[in-house]
Structure formats: C-alpha cells, structure tokens
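Report on the following structure.
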Amino acid sequence: SGVSVLLGGSISRALQQMSNSMIIDEKVLNDCLNEITRALLQADVQFKLVRDMQTNIKKIVNLDDLAAGHNKRKIIQQAIFNELCKILDPGKPAFTLKKGKSSVVMFVGLQGSGKTTTCTKYAYYHQKKGWKPALVCVDTFRAGAFDQLKQNSTKAKIPFYGSYTESDPVRIAVEGVGNLLCIGQATFDQAQAFKQSVAVGAMIVTKMDGHAKGGGALSAVAATKSPVIFIGTGEHMDEFEVFNVKPFVSRLLA
Ligand code: GDP
C-alpha cells in the first residue's frame, strides 16, 4: 500500500501544481508529465506503458494547436484520466461464472495478501446473488489456513472442504471440488492444469481501505493483462466492491 499512496499523492500533487500555474506552457506540461511518470515508475508500472502514456498525452495535448479559449488544464487532466483508464483496461473480458454450470475459481497471491479473506468475500457475494458457492482450502503451506477458512465459511454458512493431513494441494482440490460439486474428471483435469501453470482470468485488489489509493492495480493489470473485477475494502465479509475503472481512476486522481 505504500506504493499506492505514493502514486495517488504524486499524481494529484502534479495536477495541483499545474493548476496553480498561471500559464500552461510546454514546461509546465512537461514538469507535470515527468512527475506523473516518476510516480508510475516507482509504482512498478512497466516502463513501456509509462512512456506510451506520456507520448499519447503529448499527442493529445498539442499546446500550439490549442486556441487561447481552450481550457488547457481540463484537456490535460482529461487526457491523463483517459490514459490511466486505458492502462486499467486490458481489452480482455474478465473470467465470469457461467449460469447452470459449475465453475472452479482458484485464488493465487502472496502470503498474507488476503486470499483466505477474499475467497470468503467472493463466495459470500455470490451466495447473496443466488449462486451456490463452496470453499476448498488447498493452502497446505500455511499452518492455520484451513481453520481460518473453516471459521469464515461457517460464519457465512458456506460449505467448505479441507484436510489437516493431506499435503498435496491438487489432491485436496480434486477431492474437495468432487465432494462439494460432484463433477469428477473435468475437475481433475483442471486441477492438473493448475499445477502446470496459472492463467489469470481476473484479479481482485485487496486492502484498498485506509490510506491506500490503489496504484498497485495499474501494475497488476499491466503484468497479467487481466482485468480487476473486485476490490477488498476491509477485513469484513461485506467489505467488497465491484471494480469499475472510471470511478477508480477518479479516486486515484483525487
Ligand atoms: P492469505 O495469507 O493470502 O490467505 O491472507 P489472509 O486472508 O489471511 O489476510 C491477511 C490479513 O489481511 C488478515 O488479517 C486479513 O484480515 C487482512 N485483510 C484481507 N483483506 C483485507 C482488506 O481488504 N482490507 C483490510 N484492511 N485487511 C484485509
């Protein structure tokens, strides 16, 4: 979240500085763009993305061509807004659940990033919409992961599966999904495929509450070329929101 704060802070500061300038000339625009570039690079956004963004903005905001009456500030701000929206839109639809079919969704992420919490939120969210979710704990690495998921599932009244003794996550996935959803071979094939590689279908950005402003989402989309579908905004089950690019970018620039 430190990175996110930096990003939101720097971008809004850069825009503010530009707003304070009496005249918007090439230098003011360049200073503003350089500040934003720095913020994005520090947030680990891929260099090419940042460079493309800067080039695009300069192309859109051609100061010489803008008549005196034009509100340059507005045009520059709009261009930055549009470019950030573009970064967050990988141009690929998110993985979605299919009605009348069983879907298996695997959560991957760093230790402590919020998988256990977020898969419960995801299941709870869909349960409220009439789906029949079930949770399987295949985190055999972290001690206590199963108990935590069991506790969450019980609280949300969601069926769950896990094992204290089995150490192979693929076996648990196959047994768990088989037990809870009864779909057999297809699941096994999927689980085996998981073992070989992970194709990211969609992302959830956690811990967006507090002082975090969420610049990490930009990097995540750039890295995986997959869209963000939800954000986590707290530790509780219902602190979970559908992600929308435009309101998110507005907040980022606020
Ligand atoms: P896992 O190791 O990936 O399964 O991570 P956990 O689900 O155990 O989460 C690690 C910690 O982050 C726990 O204390 C969670 O309560 C907390 N956490 C998860 N998501 C959020 C969130 O959106 N906001 C806040 N504030 N805390 C969160």
Side-chain angles (χ1 to χ4, degrees), residues 1-9 43-44 88 94-95 104-129 133-173 176-177 180 191 194-195 198-221 223-224 226-245 247-252 254:
S1 70
V3 165
S4 315
V5 176
L6 194 69
L7 180 61
D44 279 341
L88 282 165
F95 164 84
V104 180
V105 179
M106 181 168 73
F107 280 66
V108 290
L110 295 181
Q111 186 95 298
S113 59
K115 295 178 298 297
T116 311
T117 309
T118 308
C119 70
T120 314
K121 288 177 175 181
Y122 183 81
Y124 182 66
Y125 173 91
H126 286 95
Q127 191 178 51
K128 278 195 300 186
K129 288 195 173 290
L135 290 163
V136 180
C137 178
V138 293
D139 183 348
T140 52
F141 184 74
R142 177 163 67 91
F146 178 37
D147 282 329
Q148 190 189 337
L149 190 82
K150 195 168 150 183
Q151 209 174 16
N152 287 354
S153 308
T154 307
K155 209 161 129 192
K157 300 190 171 62
I158 296 165
F160 64 93
Y161 184 86
S163 168
Y164 288 113
T165 50
E166 177 57 63
S167 61
D168 181 359
V170 175
R171 282 189 92 106
I172 304 178
V177 173
L180 294 164
F194 283 157
K195 208 176 173 181
V198 178
V200 179
M203 287 186 296
I204 298 175
V205 182
T206 60
K207 307 185 188 183
M208 285 287 302
D209 47 315
H211 51 261
K213 280 200 165 190
L218 293 159
S219 328
V221 175
T224 62
S226 291
V228 176
I229 51 170
F230 289 102
I231 53 174
T233 55
E235 299 199 27
H236 294 110
M237 205 105 66
D238 55 359
E239 289 173 316
F240 194 60
E241 294 172 19
V242 171
F243 177 85
N244 287 306
V245 171
F248 181 83
V249 173
S250 299
R251 233 158 74 181
L252 195 67

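Both counts, for ligands and for their atoms, begin at 1 and track the order of listing.
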Q.
M208 versus ligand 1: do any nitrogen or oxygen atoms come within less than 3.5 Å of each other?
A. no
(Q) Is there a polar contact, in the sense of an N or O pair closer than 3.5 Å, between T118 and ligand 1? (A) no
Q. Which part of D139 is near ligand 1, with near meaning a heavy atom under 4.0 Å away: side chain, backbone, both or neither?
A. neither
Q.
Taking side chain to side chain contact (heavy atoms under 4.5 Å, CB included) as the definition, give me every residue that meets it alongside S163, ordered by chain and number, with sequence neighbours left out.
A. T165, E166, I172
Q) To the nearest 0.5 Å, what is the distance between OG1 (T206) and CD (E235)? A) 11.0 Å
Q.
Any heavy-atom pair between the side chains of V221 and M203 that's under 4.5 Å?
A. yes
Q | Residue, atom name and distance, where the atom is the protein heavy atom closest to atom 7 (O) of ligand 1 | A | T117 OG1, 2.6 Å
**Q.** Residue R142 vicinity, atoms of ligand 1 by number, heavy atom under 4.0 Å
**A.** 1 (P), 2 (O), 4 (O), 8 (O)
Q: Name the closest protein heavy atom to atom 4 (O) of ligand 1, giving the residue it belongs to and the distance to 0.1 Å.
A: T116 OG1, 2.5 Å
Q) Looking at Y122 versus F107, is the centre-to-centre ring distance below 6.0 Å? A) yes
Q) Of the protein's non-hydrogen atoms, which lies at the shortest distance from atom 2 (O) of ligand 1, and what is that distance? A) G112 N, 2.8 Å
Q. In the protein, which heavy atom is nearest to atom 24 (N) of ligand 1, and how far is it?
A. D209 OD1, 2.9 Å
Q) Under 6.0 Å from the NZ atom of K128, do we count more than 12 heavy atoms belonging to anything else shown? A) yes
Q) Looking at OH of Y161 and CG of L135, how far apart are the two atoms once the value is rounded to the nearest 0.5 Å? A) 14.5 Å
Q: Could you check whether the rings of H126 and F230 sit parallel, tilted or perpendicular, using 30° and 60° as the cut-offs?
A: perpendicular
Q: Would you indicate which of E241, K115, K207, E235 comes nearest to atom 14 (O) of ligand 1 when only heavy atoms are counted?
A: E235
Q) So between G232, G234, G114, A145, whose heavy atom ends up nearest atom 21 (C) of ligand 1? A) G234
**Q.** Proximal ligand 1 atoms for T233, defined as those under 4.0 Å from one of its heavy atoms
**A.** 23 (O)
Q: Check whether any heavy atom of Q148 sits under 4.0 Å from an atom of ligand 1.
A: yes
(Q) Determine whether C119 and L149 satisfy the following criterion, side chain to side chain contact (heavy atoms under 4.5 Å, CB included), listing intermediate values before the conclusion. (A) CA-CA 9 Å; C119 70; L149 190 82; 3.5 Å; yes
